[in-house]
Amino acid sequence: EVQLVESGGGLVQAGGSLRLSCVVSGFTFDDYAIGWFRQAPGKEREGVSCITSLDRSTYYTDSVKGRFTIVSDNAKSTVYLQMHDLKPEDTAAYYCAATPSGYGYFCSDYLGIYPYWGQGTQVTISV
């Protein structure tokens with residue numbers, strides 16, 4: 001059974017940094033992608049970033065380009081989302097998610113390709 005566990009959220013001031021971690025387990029295949037999503041109160045869940053397992057291709061939504069970096073550490077079975085220059089509008093619950101087999105070279109922010117989800121971690125940015 002695929003499982004994902006997020007950690008690293010918290011309360012920081014605007015301009016600060018956080019690193020989110022997503023520990024993944026239970027994969028019986030090696031061609032998948034991991035995505036980070038976020039959902040603010042009253043808003044739809046949106047894709048933030050993703051990374052593929054085989055060639056480590058990445059995607060970032062425009063609002064986080066240049067501020068967020070996604071990195072995978074296969075030895076630790078962990079995908080990190082390093083977030084810098086955080087803004088109040090980054091406040092949300094952040095979730096990591098995994099695709100099924102077949103996404104080793106492609107990922108996107110389309111929620112429909114991610115059947116596996118973690119429980120989320122809260123990120124709050126104060127002004």
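- Evaluation of the side-chain hydrogen bond (donor to acceptor under 3.5 Å, both in side chains) test over residues 8-28, restricted to residues two or more places apart or in two chains, returns Ser17-His84.
- A salt bridge is absent between Asp90 and Lys87; no separation between the charged side-chain nitrogens and carboxylate oxygens falls under 4.0 Å.
- Residues Tyr105 and Val71 do not share a hydrophobic cluster, clusters being chains of Ile/Leu/Val/Met/Phe/Trp/Tyr side chains in contact below 4.5 Å.
- For the atom pair Gln3 CD and Phe27 CZ, the distance stands at 10.5 Å (nearest 0.5 Å).
- Counting all heavy atoms, side chain and backbone alike, Ser49 lies closest to Ile70 at OG-CG2, 3.2 Å.
- Thr52 contributes no side-chain N or O that, together with a main-chain N or O of Phe106, makes up a donor-acceptor pair within less than 3.5 Å.
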Worked verdict on Asp73 versus Thr78 for side-chain hydrogen bond (donor to acceptor under 3.5 Å, both in side chains): CA-CA 5 Å; Asp73 184 337; Thr78 302; over 6 Å; no

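- Criterion: ILVMFWY side-chain heavy atoms under 4.5 Å apart, direct or through other members. Under it, Tyr110 and Trp117 are part of a common hydrophobic cluster.
- Separation of atoms CD (Glu6) and CD (Gln122) is listed at 12.0 Å; rounding is to 0.5 Å.
- Remark: Gln82 CD to Arg67 CZ distance equals 12.5 Å, nearest 0.5 Å.
- Nearest heavy-atom pair, Thr91 versus Ala40, reported as atom, atom and distance to 0.1 Å: O-CB, 3.7 Å.
- Taking CD1 from Ile125 and CG from Leu11, the interatomic distance works out to 7.5 Å, rounded to the nearest 0.5 Å.
- Here the OG1 atom belonging to Thr99 is positioned 9.0 Å from the OH atom belonging to Tyr32, to the nearest 0.5 angstrom.
- Checked by atom type and distance alone, the side chain of Gln39 never pairs as donor or acceptor with a backbone atom of Glu46 at under 3.5 Å.
- Thr61 and Gly47 make their closest contact through CB-O, 3.5 Å (heavy atoms, listed as atom of the first residue, atom of the second, distance).
- Note that CG of Asp31 and CG of Asp55 are 11.5 Å apart. Values are rounded to the nearest 0.5 Å.
- Ile34 and Tyr103 fall into different hydrophobic clusters, defined by Ile, Leu, Val, Met, Phe, Trp and Tyr side-chain heavy atoms under 4.5 Å apart, directly or through other members.
- For residues 48-90, the pairs satisfying disulfide bond (SG atoms under 2.5 Å apart) are Cys50-Cys107, with sequence neighbours left out.
- No donor-acceptor pair closer than 3.5 Å links the side chain of Thr121 to the backbone N or O of Ser7.
- A single hydrophobic cluster is seen to contain both Ile51 and Tyr60, as judged by linkage of ILVMFWY side chains at heavy-atom distances under 4.5 Å, directly or through other members.
- Here the closest non-hydrogen pair linking Phe37 and Asp109 is CE2-O, 3.6 Å.
- The two atoms that bring Leu4 and Cys22 nearest to each other are CD2-SG, 3.7 Å, heavy atoms only.
- If you chain together hydrophobic residues whose side chains sit under 4.5 Å apart, Val24 and Tyr114 never meet in one group.
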Would Met83 and Leu20 count as a side chain to side chain contact (heavy atoms under 4.5 Å, CB included) here? Give the steps. CA-CA 8 Å; Met83 307 185 294; Leu20 305 183; 3.7 Å; yes

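- Taking the ring axis of Tyr95 as reference, the NZ or CZ atom of Arg45 stays within 45° of it and closer than 6.0 Å to the ring centre.
- When every heavy atom of Phe29 is checked against every heavy atom of Pro100, the shortest pair comes out as CE1-C, 3.7 Å.
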